[in-house]
Protein chains: 2
Amino acid sequence: MTQDVSDKKDEFDPQDFLPYLLNRAAEESSLEFQQVYKDRYGMLRTEWRVLFHLGNYGEMTAKEIGLRARIHKTKISRSVSKLEERRFLVRSRDDADRRVERLALTSAGQAAYRDLRKVAQAYDAKLAGLFSEEETDLLRKMLRRLAHMD
Amino acid sequence: MTQDVSDKKDEFDPQDFLPYLLNRAAEESSLEFQQVYKDRYGMLRTEWRVLFHLGNYGEMTAKEIGLRARIHKTKISRSVSKLEERRFLVRSRDDADRRVERLALTSAGQAAYRDLRKVAQAYDAKLAGLFSEEETDLLRKMLRRLAHMD
DNA sequence: CCTTGTTAGTTACAAAATCAACTATTATCC
DNA sequence: GGATAATAGTTGATTTTGTAACTAACAAGG
C-alpha cells in the first residue's frame with residue numbers, strides 16, 4: 001500500500017474546487033456594489049447588511065439580525081453603533097426584556113436603504129443577464145442550498 | 001414626479017441579491033475545509049491558496065500567483081514568508097531578472113498540498129452531491145463566469 | 001429571595017487585511 | 001551613459017476582524 005505511484009487518475013483540478021470558485025465569484029461580484037455603499041455612504045459591508053435587513057424586515061434586534069444574516073454579534077454591535085452615529089437607525093430598550101434592543105431605521109436610514117436597494121436591484125439584473133432566466137433561477141436555488149438558507 | 005407612492009411593484013428581495021447569496025454560500029462552504037488546513041497545518045486561507053497554486057502549476061513567481069488567484073501582493077508576500085518559515089517552499093532569485101523570485105514547493109510542501117488536495121476533492125464531491133451532475137457542472141460554469149475566470 | 005445559569009449586547013486585546021510608502025532592480029529614452 | 005519611470009517584492013501604519021472576557025438583565029430551582 002501507499003505505493004501510490006500515480007496521482008494521474010485523480011484528475012482533480014483545485015481550480016474547480018467549489019469553495020474556491022464560490023469565493024472568487026463572491027469577491028468579484030461584490031466589488032462593484034461595494035464601491036457604491038462605500039463611496040456613497042462610507043459604509044462597511046456588515047453595515048450595509050444590517051441596514052438591508054432592517055430595511056427589508058423592519059424592526060429587529062441585533063440577535064435576530066445575527067441569526068438571519070449569520071453575522072457575529074460583535075460585528076453587529078459595532079455596525080449598529082456606526083449606523084446609529086450616522087443617524088441611520090435608533091435603538092429602543094424592550095420594556096418586557098430590558099437586555100434587548102429593538103433597532104429601527106430612521107427616515108434617513110430608510111432613504112439610504114431604498115437608494116441602495118435600487119442600485120442592488122439594477123446590479124443584480126446585470127449579473128443575472130449573464131445567463132438565461134432558468135439558469136439564474138437555478139443558480140440562486142443552488143446558492144441558497146449551499147448557504148443553508150432553504 | 002417623485003410621488004413614488006408605491007415601492008410595491010418593485011418586488012426585489014435583497015435576500016435574492018446574487019452577491020449576497022454568493023457570499024453566504026462561499027462563507028458557508030469554506031468553513032468546513034478551512035478547519036482542515038487551519039487545524040492540520042496552521043495555515044491561513046491565503047497560505048493555502050498560495051500552496052495550492054504552487055502545487056497545481058509548479059514553480060511560479062509571487063506576481064503570477066497574485067494575478068491568477070487575484071490576491072494582493074502584500075498578502076502573497078506575507079504568506080510566502082510563512083510558508084518559507086514552515087519549510088513548505090523555497091525561493092530562488094531569477095538570474096535573468098534579479099527582482100523576481102521563483103517559488104517552488106519543498107517535498108514537505110508537496111506532501112501538504114497532496115494531503116489537502118485529497119481532502120478538498122472529497123469535500124468538493126460532498127458539496128457536488130447536493131445536486132445532479134448537470135447542475136453541478138452548470139454551477140461551476142456560472143461561477144467561473146461570474147469570477148471572470150473564463 | 002438568592003444562588004446558579006443563561007442570554008443580549010459591549011469592550012479589550014490579538015490577529016489579520018488594507019493601503020501607502022519604501023528598496024532594489026530593470027527598462028526607457030533623451 | 002544617465003535621468004526618469006516602471007516593476008517585484010517588502011515593510012510599516014491604519015483599519016477591520018476575531019476571540020475572550022466582561023456587564024447587565026433575566027430565568028429557574030431550591
Side-chain angles (χ1 to χ4, degrees), chain A residues 23-24 26-28 30-31 34-35 37-39 41-51 53-54 57 59-86 89-104, chain B residues 23-24 26-28 30-32 34-35 37-39 41-51 53-54 59-86 89-104:
Chain A
N23 271 289
R24 292 279 313 259
E27 276 166 37
E28 206 59 49
S30 293
L31 270 181
Q34 190 161 70
Q35 284 315 108
Y37 58 69
K38 199 178 153 196
D39 294 352
Y41 297 99
M43 279 187 207
L44 252 31
R45 191 198 319 210
T46 307
E47 292 160 29
W48 148 245
R49 286 209 191 166
V50 168
L51 184 86
H53 273 77
L54 289 171
Y57 298 111
E59 218 172 274
M60 293 179 88
T61 69
K63 183 86 197 294
E64 286 164 348
I65 297 174
L67 285 175
R68 270 211 210 252
R70 286 219 163 222
I71 304 175
H72 195 271
K73 60 181 182 173
T74 61
K75 267 163 109 182
I76 306 246
S77 174
R78 294 192 257 248
S79 296
V80 166
S81 297
K82 282 252 180 77
L83 290 170
E84 189 187 32
E85 275 174 34
R86 285 162 197 167
L89 64 75
V90 288
R91 322 184 194 218
S92 55
R93 283 280 162 208
D94 183 354
D95 284 321
D97 182 345
R98 301 182 26 70
R99 289 169 301 185
V100 172
E101 284 183 342
R102 312 233 99 245
L103 305 171
Chain B
N23 271 289
R24 291 279 312 259
E27 276 167 36
E28 205 60 49
S30 293
L31 270 181
E32 200 170 326
Q34 191 161 70
Q35 282 317 109
Y37 58 71
K38 198 178 152 195
D39 295 352
Y41 298 98
M43 279 188 207
L44 252 29
R45 188 188 334 201
T46 307
E47 291 160 29
W48 148 244
R49 286 208 191 167
V50 168
L51 184 86
H53 273 76
L54 289 172
E59 219 172 273
M60 293 179 88
T61 70
K63 183 88 198 294
E64 286 165 346
I65 297 175
L67 285 176
R68 269 210 211 253
R70 286 220 163 223
I71 304 174
H72 193 271
K73 60 180 182 173
T74 61
K75 268 162 106 180
I76 306 244
S77 175
R78 286 171 175 131
S79 296
V80 166
S81 297
K82 281 252 180 76
L83 290 169
E84 188 187 33
E85 275 174 34
R86 284 162 198 168
L89 63 76
V90 289
R91 323 184 193 216
S92 54
R93 282 279 163 208
D94 183 354
D95 284 319
D97 181 346
R98 300 182 25 71
R99 289 169 301 185
V100 172
E101 285 183 341
R102 312 232 99 246
L103 306 171

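Chain letters run A, B, ... following the sequence lines, proteins first, then strands; residues in each count from 1. This structure is a prediction, so every number in the text was calculated from the model and none was measured. Side-chain atoms are counted along with the backbone in the values below, which use heavy atoms only and exclude waters and symmetry mates.
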Task: Spacing between Ile71(A) atom CD1 and dT10(C) atom P, to the nearest angstrom - done: 14 Å

Open item on the list: Run the salt bridge (charged side-chain N to carboxylate O under 4.0 Å, His left out) test against Glu101(B) and tell me which residues pass, sequence neighbours left out.
Closed with: Arg91(B), Arg93(B)

Open item on the list: What is the separation between atom CZ on Arg70(B) and atom P on dA17(C), rounded to the nearest whole Å?
Closed with: 18 Å

Task: All salt bridge (charged side-chain N to carboxylate O under 4.0 Å, His left out) counterparts of Arg86(B), not counting sequence neighbours - done: Glu47(B)

- [ ] Could you tell me which residues satisfy salt bridge (charged side-chain N to carboxylate O under 4.0 Å, His left out) with Asp94(B), sequence neighbours excluded, listed by chain and number?
- [x] none

Task: Residue met sooner reading DNA chain C from 5', once Glu64(A) and Asp94(B) are mapped to nucleotides - done: Glu64(A)

TODO: Provide the closest heavy-atom pair for Ser79(A) versus Thr46(A) in the form atom of the first, atom of the second, distance.
DONE: OG-CG2, 3.2 Å

- [ ] Provide, to the nearest angstrom, the distance between the CD atom belonging to Gln34(B) and the C1' atom belonging to dA15(C).
- [x] 14 Å

Task: Residue list, side-chain hydrogen bond (donor to acceptor under 3.5 Å, both in side chains) with Arg68(B), at least two apart or on another chain - done: none

- [ ] For nucleotides 10-18 of chain D, just jot down a letter per nucleotide in 5' to 3' order: B, S or -, based on protein non-hydrogen atoms under 4.0 Å.
- [x] BBBB--SBB

- [ ] Could you tell me which residues satisfy side-chain hydrogen bond (donor to acceptor under 3.5 Å, both in side chains) with Thr61(B), sequence neighbours excluded, listed by chain and number?
- [x] none

- [ ] Rounded to the nearest angstrom, tell me the gap between atom CZ in Arg93(A) and atom P in dG9(C).
- [x] 8 Å

Open item on the list: What is the distance, to the nearest angstrom, from the CG atom on Leu103(A) to the C1' atom on dT10(C)?
Closed with: 14 Å

TODO: Specify the separation, in whole Å, of atom NZ of Lys63(B) and atom C1' of dT7(D).
DONE: 7 Å

TODO: Mark yes or no for a side-chain to base donor-acceptor pair under 3.5 Å between Arg99(B) and dT7(D), with no hydrogen or angle criteria applied.
DONE: yes

Task: Whole-Å distance separating the CG atom of Asp97(B) from the P atom of dA6(D) - done: 17 Å

